[in-house]
**Q** 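For reference, the structure I am asking about is given below.
Keep in mind it's a predicted model, so treat the numbers as computed, not measured. A, B, ... follow the sequence lines: proteins, then strands. Residue 1 opens every chain.
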Protein chains: 2
Amino acid sequence: MVNKRDPEATRAAILAAAEDAFLEQGFAEASTSDIARRAGVTKSLIHHHFGSKQKLWTEVKVRRFGEYAQRQQNMLDQSTPTAELLRESLELYFRFLQKTPQTVRLMAWMYLEGDNDCGDLDRAVLKNGVETIRAAQEDGQLRKDVDPRYLLFSFLFLAQHWFQSREHLCRDLEMEGPVEDRDEEYFENMLKIFFEGVLPR
Amino acid sequence: MVNKRDPEATRAAILAAAEDAFLEQGFAEASTSDIARRAGVTKSLIHHHFGSKQKLWTEVKVRRFGEYAQRQQNMLDQSTPTAELLRESLELYFRFLQKTPQTVRLMAWMYLEGDNDCGDLDRAVLKNGVETIRAAQEDGQLRKDVDPRYLLFSFLFLAQHWFQSREHLCRDLEMEGPVEDRDEEYFENMLKIFFEGVLPR
DNA sequence: GTGTTAACTGGCCGACCGGTCAATTGAGGG
DNA sequence: CCCTCAATTGACCGGTCGGCCAGTTAACAC
């Protein structure tokens, strides 16, 4: 038998509802009343557990973004500096964004808000990534005349922005069929370009 | 001598103020009172000229996005299908986003809103771009084993997402100095990757 | 001059917002 | 058992929002 009172579960329910609402509608448009309704609790409970709407949003961001950074970390951990493992890391990253579209929305919101609450969470991961790439370059696995930082960025942008634009672009170009198929096609073509470029070899 | 009443100028003032407010704060957070204040008119005038806050936002989007599509069109018009001219088109696109960060913000808002008001505005331009690339491929200027649509996408993503993430990424990696220098560095490195790939040749 | 029309104003409305507060309730320790 | 304290509730607050409306004013056609 469960307790009639379970503050942990309540917090979790509020957080889940808040994540849904915030990522769907953004901070401004989401209302605490709506979040309370979704979570099946009263509005006052939100303030009791989290203090304010702003603190709740920060909590949501830190959690989600922390998970994102964690995934990135795992991705890099298992990647010794070879081109093949870079490919696998890229795939891991792509699949993660594919499975959790909330992540892409979160980062778009953070961009528009000029957010800096989560700035530090992925710093170490990024630096780690740069060093891995640098090692692969020195090992002759990757060309040495590109800055490893910008190489990493291109890598991230190609994966991330697809999920941000695919709906609009595929609609405009009348590319029909299930989204998953579009994802696969893009991924394959993007890999070719990223590794080998668009010029003929 | 100017008229005391100039509805055209009033409309323009409201539109300009609305664009600033909406792109800064988003649809929900921006208020009609604030827009009226910025434009130096009364709130009622906004409803008189545009009907509702929502219609005003749509008007702003259509205008901005239309200009964006126009720029894209110009970019492609002067680009006969050679690799060198593709490079110049990419630079034109990059410079345009660099000069008008509002464009990047607008597209982020549209993504988050699931916007479809502007869906058709750039359709022709996109198709045009795809055909240009296809022609370059058949001419042997670009490799033929990548889908021209996804090639175009990669092109767009690499330019666009930089302006969406550069602040966060450069802060995390402690890349200091003027933003313009970072833009140049990224642009050069990104070009290398896009054309030649990250693998050694 | 006069009438018509549209630009423009200020005041107002109901709805909803985030947040507060006093009161109630249940769980757990002594 | 009761005492304590946190979890929880619902009523309520001041403030802002988008939108409306009645009235005023300037331009213009005749």
**Q** Between atom CD1 in I35(B) and atom P in dG19(D), what is the gap in whole Å?
**A**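 Result: 11 Å.
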**Q** Is there a side-chain contact between T32(B) and the phosphate of dG18(D), meaning an N or O under 4.0 Å from OP1 or OP2?
**A**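 Checking dG18(D) against T32(B), a side-chain N or O does come within under 4.0 Å of OP1 or OP2.
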**Q** In whole Å, what is the span from the CD atom of E29(A) to the P atom of dC16(C)?
**A**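 Rounded to whole Å, this separation is 14 Å.
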**Q** Judged by each residue's nearest nucleotide on DNA chain D, which is more toward the 5′ side, A28(B) or L45(A)?
**A**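 Counting from the 5' end, the first nearest nucleotide belongs to L45(A).
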**Q** Send over the distance from F50(A) CZ to dA7(D) C1', rounded to a whole Å.
**A**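 Rounded to whole Å, this separation is 13 Å.
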**Q** Among W162(B), F194(B), F163(B), which residue meets the ring pair (Phe, Tyr, Trp, His ring centres under 6.0 Å) test with Y186(B)?
**A**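 Passing option: W162(B).
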**Q** Is T10(B) close enough to dC8(C) that one of its side-chain N or O atoms is under 4.0 Å from OP1 or OP2 there?
**A**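 The answer is yes; a side-chain N or O of T10(B) sits under 4.0 Å from OP1 or OP2.
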**Q** Rounded to the nearest Å, what distance is computed from the NE2 atom of residue H47(A) to the P atom of nucleotide dC17(C)?
**A**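 Spelled out: NE2 on H47(A) to P on dC17(C) is 12 Å.
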**Q** Checking contacts here: which listed nucleotide (dA26(D), dG18(D), dG18(C)) is nearest the side-chain heavy atoms of R5(B)?
**A**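 The answer is dA26(D).
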**Q** Between H49(A) and dA6(D), is there a contact of a side-chain N or O with OP1 or OP2 at under 4.0 Å?
**A**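 H49(A) to dA6(D) OP1/OP2: no side-chain N or O under 4.0 Å.
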**Q** Would you kindly give the NE2-to-C1' distance between H48(A) and dC5(D), to the nearest whole Å?
**A**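 Between C1' of dC5(D) and NE2 of H48(A): 10 Å.
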**Q** How about Q164(B) and Q164(A): does a side-chain donor come under 3.5 Å of a side-chain acceptor?
**A**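 Their side chains do contain a donor-acceptor pair, which is all the 3.5 Å distance test asks for.
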**Q** Atom CZ of R11(A) to atom C1' of dT8(D): distance rounded to whole Å?
**A**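 Atom CZ in R11(A) sits about 15 Å away from atom C1' in dT8(D).
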**Q** What's the closest nucleotide to the side chain of S31(B) if the choices are dG18(D), dC8(C), dT9(C)?
**A**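 Between dG18(D), dC8(C), dT9(C), the one nearest the side chain of S31(B) would be dG18(D).
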**Q** Before accepting this row, confirm whether a basic side-chain N of the pair R149(B)/E131(B) lies closer than 4.0 Å to the acidic partner's carboxylate O.
**A**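 Looking at E131(B) together with R149(B), the answer is no, because their closest N to O distance does not fall below 4.0 Å.
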**Q** Validate the cation-pi geometry between R64(B) and F22(B): distance from NZ or CZ to the six-membered ring centre under 6.0 Å, angle to the ring axis within 45°.
**A**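 Not flagged: R64(B) not positioned over aromatic ring of F22(B).
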**Q** Regarding dG18(D), can its base be found pairing with the side chain of S52(B) as donor and acceptor, where the two atoms are less than 3.5 Å apart?
**A**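 Not at all, since no donor on one side and acceptor on the other fall under 3.5 Å apart.
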**Q** Can you find a donor-acceptor N/O pair under 3.5 angstrom joining the side chain of S44(A) to the base of dG10(D)?
**A**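 Checked by distance alone, the answer is yes.
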**Q** Given atom NZ of K43(B) and atom P of dG10(C), what is their separation to the nearest angstrom?
**A**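 Checked: the NZ to P distance equals 13 Å.
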**Q** Starting at CD1 of I46(B) and ending at P of dA7(C), how long is that distance when rounded to a whole Å?
**A**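 To the nearest whole Å, that distance equals 15 Å.
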**Q** Does D183(B) come within less than 4.0 Å of R166(B), counting only side-chain N to carboxylate O?
**A**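 Salt bridge: yes.
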**Q** How is A30(A) classified with respect to the nucleic acid when contacts are heavy atoms under 4.0 Å: base, sugar-phosphate, or nothing?
**A**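 Answer is sugar-phosphate: A30(A) comes under 4.0 Å of backbone atoms only.
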